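Note: hydrogens, waters and symmetry copies are ignored here, and every other heavy atom, side chains too, is used. By convention in this document, chain letters (A, B, ...) are assigned in the order of the sequence lines, proteins followed by strands, and residues within each chain are numbered from 1. Owing to the predicted nature of the structure, the values given are computational and were not obtained by experimental measurement.
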There are 2 protein chains.
Amino acid sequence: MPTPTFFNLPEEKRKRILEVAMDEFATHPYSKASLSNIVVRAGIAKGSMYQYFDNKQDLYTYILDLAAQEKITYMKQEFDREDDFFTAVERLLAAGTRFSLEHPQLGRIVANSLDSTGEELLHDLYSKGREMSMEFFENMIKLGMEKGELRQDMDPRLVANLMYSLLGQGLADYLLETLGVTMREYLANPGIWKELTPEHVERVVTEVIKILRSGLQAQ
Amino acid sequence: MPTPTFFNLPEEKRKRILEVAMDEFATHPYSKASLSNIVVRAGIAKGSMYQYFDNKQDLYTYILDLAAQEKITYMKQEFDREDDFFTAVERLLAAGTRFSLEHPQLGRIVANSLDSTGEELLHDLYSKGREMSMEFFENMIKLGMEKGELRQDMDPRLVANLMYSLLGQGLADYLLETLGVTMREYLANPGIWKELTPEHVERVVTEVIKILRSGLQAQ
DNA sequence: ATATAATATGACCAGACAGTCATATGACTA
DNA sequence: TAGTCATATGACTGTCTGGTCATATTATAT
């Protein structure tokens, strides 16, 4: 957690530091992100950073938490526990994809945290995030089975795993790819979002859900 | 590419260097893998490494290529272009999963290369691998559509994307998870493989294919 | 104006990194 | 034995890293 000093900072300065740090962690995995680089870009002294945060990990976890909270809030708006399974998944997938396109920086920070390989220091933190998602999915699936919306000859944990793979960053990446834009380029210039209207997102999401519902096989 | 000197090395020494380097690149992403660490563990001088390879990237690309070739060879054994779509996917998925469990080191090296975020240097190389897989999937899908095995109201590119997400490292990870083992632990002690028989893998693969075929929805 | 506390600073440190190079060792040839 | 070529070596360089700390600046209160 940041020190009280950090919260006493004039808002302009505090925001600037956060923005720069977010950009750094969105464009580099934890171990490659550079504190030295951040402080230079934010126009503050190295020592000052250590008046605000204990160390690199403290800064990172704070920022990851901010990003994750923002995404969760965004998704919760879209989630309605009264929805049937496929409607719920459709809305979650649409919301997640829109979030990644509207807030690519935050999206990347969260997405980076989902691949725990190679960051031993953060492995526990990262696992926790994955486990929470998995549990959420698993409960949705079990409920869908009880309500008779889903086939019951499946292992919920396995299905949750498949959904986790499917519903991640993948769809946003696919949409950018159809425009010939890499996520890297998009991060640097998100103006291209104009072409990716919510309707466009919705159309692709609908197709994915149709597949999730009925499979690939010809009738 | 390695220098002639490297290939002139006594086999024992050459193998030892490769083994150590593979382990390093399997357990660390490119930027975190340490040449200094490799040479110490392999018991050779730093300078010697530079008699064998131009630089770190040269060593890495060589090793990634070895791992990828090995996996491709393994998968090709299992692939039969006469198979119908779902049989082909089933066999590919089973083979890929078995490969990751039988050769976790090679599997990790390849899997690490599939996430190009944060390794700007290697971005082009990594993209090429992804594009080749995607093209392969896309062709399979188009063929399946033509043969009437698959629904034809889907965008092949989108389906290829979904398959790419689905058929990656995910299933091997899931299987390890059901045993309460992380990939990290498994890499250090692959002896646990005994519990993960090919039949076990086949059972889970069959379930995934059933879902891929007919979806999640209750009939 | 003075004293006290909060904040800002950047030179500095130790460690790790990829990569270099002059020198040493060995092996093979004449 | 002398000479030539391939190979091996590890001390060293330059650069970057996260992190520290004595000192300087600023704001607050008396």
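Side-chain contact check for Asn161(B) and Arg157(B): no donor-acceptor pair (N or O, by modelled atom type) lies under 3.5 Å. Residues Gln51(A) and Thr3(A) bring no donor and acceptor atom of their side chains to less than 3.5 Å of each other.
Spacing between atom CD1 of Ile44(A) and atom P of dT25(D) amounts to 19 Å, rounded to whole angstrom units.
Across all strands, Ser48(A) comes closer than 4.0 Å to base atoms (heavy-atom distances). Residue Tyr52(B) is in sugar-phosphate contact alone, with no base atom involved, counting any heavy-atom pair closer than 4.0 Å across all strands shown.
Salt bridge status for Lys142(B) with Glu138(B): present, with a side-chain N to carboxylate O gap under 4.0 Å. Of the charged side-chain nitrogens involved, none lies within less than 4.0 Å of a carboxylate oxygen, so that Arg203(A) and Glu199(A) do not count as a salt-bridged pair. With salt bridges taken as basic N to acidic carboxylate O contacts below 4.0 Å, one links Arg130(A) and Glu177(B).
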Please write out each protein N/O paired with an N/O of nucleotides 18-20 of chain D under 3.5 Å, distance rounded to 0.1 Å.
| from | atom 1 | to | atom 2 | distance (Å) |
| --- | --- | --- | --- | --- |
| dG18(D) | OP1 | Ala33(A) | O | 3.1 |
| dG18(D) | OP1 | Leu35(A) | N | 3.1 |
| dG18(D) | OP1 | Lys56(A) | NZ | 3.3 |
| dG18(D) | OP2 | Leu35(A) | N | 3.1 |
| dG18(D) | OP2 | Ser36(A) | N | 3.3 |
| dG18(D) | OP2 | Ser36(A) | OG | 3.4 |
| dG18(D) | N7 | Lys46(A) | NZ | 3.2 |
| dG19(D) | OP2 | Tyr50(A) | OH | 2.9 |
| dG19(D) | OP2 | Lys56(A) | N | 2.7 |
| dG19(D) | O5' | Tyr50(A) | OH | 3.3 |
| dG19(D) | N7 | Lys46(A) | NZ | 3.4 |
| dG19(D) | O6 | Lys46(A) | NZ | 3.2 |

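You can see that DNA chain C meets the heavy atoms of chain B within a 4.0 Å-exclusive cut from dC17(C) to dC21(C), reading 5' to 3'.
Side-chain rings of Tyr30(B) and Tyr126(B) stay apart, their centers remaining 6.0 Å or farther from each other.
Note: His103(B) and Tyr74(B) have perpendicular aromatic rings, judged against thresholds of 30 and 60 degrees for the angle between ring planes.
Using a distance-only test at 3.5 Å, with no hydrogens or angles considered, a donor-acceptor pair links the side chain of Lys56(B) to the main chain of Ala33(B).
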